[in-house]
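Worksheet: the structure to be examined is printed underneath.
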Amino acid sequence: MKFEKLNLPSEGKRITGSEGGLKVPSEPIIPFIEGDGIGPDIWAAARRVMDAAVVKAYGGKRRVHWFEIYAGGKARDKYGDWLPQDTLEAIRHYTVAIKGPLTTPIGGGFRSLNVTIRQELNLYACIRPVRYFEGVPSPVKRPQDVDLTIFRENTEDVYAGIEWREGTEKCRRVIDFLNKEMGCSVPADSGIGVKPMSVKASKQLARKAIRYAIERKKPSVTLVHKGNIMKFTEGAFKEWGYQVAKEEFPEYTVTEEEAAKLPGGAPASKVVVKDRIADSMFQQILLRPQDYSVVATPNLNGDYLSDAAVAQVGGLGLAPGANVGDFMAVFEATHGTAPAYAGQDKVNPGSLILSGAMMFEYLGWLESAALIVDGIGAAIKERRVTYDLARLMDGATTVKCSEFGDAIIAKIEAAG
């Protein structure tokens with residue numbers, strides 16, 4: 001494989017995917033995007049933690065060969081392009097990648113790089129597990145009840161980016177069509193956006209969430225939607241999700257309505273499929289988080305809901321994430337670039353480190369993934385944490401980004 005301006009590692013082999021699953025060599029090449037703003041700081045810490053976990057788990061029998069690719073500011077400087085074709089082709093070729101946060105301006109400029117990567121590579125499921133680490137400060141009384149994995153549809157909804165600016169000729173034409181041909185009453189001074197939600201995208205997201213719940217023996221999958229208002233988009237998402245459960249997984253699933261009619265409730269061997277209105281679900285994850293284990297939801301709902309859930313367990317600094325297609329996957333820090341803190345070695349690297357643990361789970365390297373998760377938990381218990389956690393913890397010592405990485409590595413190396 002040849003690239004315009006990338007330097008391939010001299011060692012390692014590519015990961016490949018097929019219907020039989022991933023084929024992962026013992027020394028895979030994994031592309032990484034360092035990211036903008038605080039990206040270099042948190043990537044440096046995360047890479048050292050991931051490498052230490054692999055060494056500890058496999059004693060030299062496995063190794064990651066990191067391959068730098070570019071998006072955001074470094075890509076602009078190197079290519080004159082915020083998202084060069086080299087980067088997309090590298091991810092396609094090597095199947096699995098990991099990235100730091102990327103700059104996206106608000107209200108103008110170039111389109112979101114994160115959204116573009118997801119759409120260009122058809123990474124249709126944004127997967128965000130939310131878990132609690134003992135000792136982490138929380139605004140709720142029982143954060144330990146939160147154990148939730150959110151599957152957010154990644155390519156459609158309002159994030160499809162189909163919109164027209166108020167006052168433009170195209171916008172006027174759309175408004176004219178809606179008012180004259182479709183019987184609408186859209187004010188002439190409106191901006192217009194379109195919210196597409198397809199059968200294919202909705203069903204493949206629901207399918208991935210249900211399979212995840214079955215494989216991990218989770219008790220339920222909840223379809224979160226605003227179908228009481230948007231009946232033919234979000235309401236359809238709900239119906240398509242139930243169709244997937246009924247038609248493709250009948251031996252593994254039961255609906256909440258069906259379970260209520262059974263003498264003993266839902267059998268322990270079945271995944272309960274249920275649905276909740278989006279605004280009600282925001283309340284439910286605060287009041288009854290223990291009732292929810294896997295959530296499947298459209299794009300915008302999933303964005304809000306995942307941030308609200310992780311706020312209960314330490315904030316975005318401890319929020320991992322992955323964008324996954326049929327086989328291809330890009331793991332990522334779920335927070336922004338925080339340019340005010342760039343180069344200060346200050347910000348919590350936990351989101352990217354835990355995304356690395358998710359990546360190792362995806363590769364089947366479960367031992368290294370477990371070492372990372374346990375290492376972060378052990379480091380937090382010692383109350384030597386970055387400022388975002390320390391300012392909310394009694395008796396905590398504030399450490400740098402790199403020092404938090406050092407603390408995690410020490411716990412990994414000391415593991416029995």
Side-chain angles (χ1 to χ4, degrees), residues 1-18 20-35 39-72 74-75 78-79 83-102 117 121 123 320-325 327-333 349 351-373 375 402 405-406 408-409 412-413:
M1 187 72 180
K2 291 185 178 181
F3 300 99
E4 181 186 355
K5 294 183 179 181
L6 297 178
N7 296 315
L8 282 169
S10 58
E11 300 178 86
K13 297 181 179 179
R14 63 186 286 238
I15 298 166
T16 58
S18 67
L22 291 182
K23 292 185 179 179
V24 183
S26 59
E27 297 196 8
I29 294 172
I30 297 182
F32 72 91
I33 298 169
E34 191 176 57
D41 288 349
I42 64 172
W43 171 252
R47 177 173 176 168
R48 290 191 300 113
V49 169
M50 288 186 282
D51 285 341
V54 171
V55 170
K56 178 66 177 182
Y58 309 114
K61 294 181 180 178
R62 296 180 185 178
R63 178 187 173 192
V64 173
H65 294 274
W66 300 108
F67 171 30
E68 185 169 15
I69 59 178
Y70 302 92
K74 290 183 77 171
K78 191 175 183 69
Y79 289 86
L83 183 59
Q85 197 62 32
D86 263 2
T87 295
L88 296 173
E89 290 305 318
I91 298 172
R92 287 190 183 100
H93 185 69
Y94 291 101
T95 308
V96 174
I98 188 168
K99 59 178 279 296
L102 294 173
I117 289 170
L121 301 176
L123 304 175
N323 302 294
V324 182
F327 311 109
M328 207 177 307
V330 176
F331 298 82
E332 65 179 356
S351 175
L352 192 56
I353 291 171
L354 287 169
S355 296
M358 281 185 74
M359 181 183 72
F360 286 144
E361 287 182 4
Y362 190 69
L363 301 183
W365 292 16
L366 303 183
E367 299 84 359
S368 54
L371 282 168
I372 291 172
V373 173
S402 58
D406 292 338
I408 298 167
I409 291 169
I412 289 171
E413 293 176 342

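- Shown here for I42 and P101, the closest heavy-atom pair between the two residues is CD1-CD, 3.8 Å.
- With contacts defined as side-chain heavy-atom distances shorter than 4.5 Å, the pair R14/I29 does not qualify.
- Residues A57 and S368 share a closest heavy-atom pair of CB-N, 3.8 Å.
- Contact annotation: the side chain of F360 approaches that of V64 to within less than 4.5 Å [non-hydrogen atoms, C-beta and beyond].
- Put simply, CZ on F327 and OG1 on T16 are 10.0 Å apart, with the number rounded to the nearest 0.5 Å.
- Among all heavy-atom pairs drawn from V324 and A329, the shortest one is CG2-CB, 4.0 Å.
- Shown here is K13, whose NZ atom has no more than 12 heavy atoms of other residues, nucleotides or ligands within 6.0 Å.
- F67 and F3 have tilted rings, their planes meeting at an angle from 30° to 60° on a 0 to 90° scale.
- Using a 4.5 Å cut-off on side-chain heavy atoms (C-beta onward), F331 and I30 make no contact.
- The NZ atom of K78 sits 4.5 Å away from atom OH of Y70, with the distance rounded to the nearest 0.5 Å.
- Looking at S355, its side chain does come within 3.5 Å of a backbone N or O of G321 through a donor-acceptor pair.
- Nearest heavy-atom pair, A357 versus V373, reported as atom, atom and distance to 0.1 Å: CB-CG2, 4.1 Å.
- In this structure, Y79 and Q85 have side chains that are not in contact, with every pair of non-hydrogen atoms separated by 4.5 Å or more.
- Here the OG1 atom belonging to T87 is positioned 9.5 Å from the CD atom belonging to E68, to the nearest 0.5 angstrom.
- The structure places CD of E4 at 12.0 Å from CD of E89, a figure rounded to the nearest 0.5 Å.
- A side-chain donor-acceptor contact under 3.5 Å links R48 to the backbone of S402.
- Side-chain contact between L352 and I98: present, with at least one pair of heavy atoms (C-beta onward) separated by less than 4.5 Å.
- Looking only at distances, no side-chain donor or acceptor of K99 sits under 3.5 Å from a matching main-chain atom of E332.
- Using a 4.5 Å cut-off on side-chain heavy atoms (C-beta onward), D86 and I69 make no contact.
- Separating the CD1 atom in I412 from the CD1 atom in I372 is a distance of 5.5 Å, to the nearest 0.5 Å.
- Distance alone, capped at 3.5 Å, places no donor-acceptor pair between the K74 side chain and the E34 backbone.
- Across all non-hydrogen atoms, the minimal contact from H65 to E27 is NE2-OE1, 2.6 Å.
- Under the 4.5 Å side-chain criterion, counting only non-hydrogen atoms from C-beta, I117 is in contact with L102.
- The distance from atom CE of M328 to atom CD1 of I91, rounded to the nearest 0.5 Å, is 8.5 Å.
- Shown here for P31 and A90, the closest heavy-atom pair between the two residues is CG-O, 4.1 Å.
- You'll find the side chain of N323 stays beyond 4.5 Å of the side chain of L121, heavy atoms only.
- More than 12 heavy atoms of other residues, nucleotides or ligands shown are found within 6.0 angstrom of NZ on K5.
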(request) Show your reasoning for whether side chain to side chain contact (heavy atoms under 4.5 Å, CB included) applies to F32 and M50. (result) CA-CA 13 Å; F32 72 91; M50 288 186 282; over 6 Å; no

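- Using a distance-only test at 3.5 Å, with no hydrogens or angles considered, a donor-acceptor pair links the side chain of T95 to the main chain of I15.
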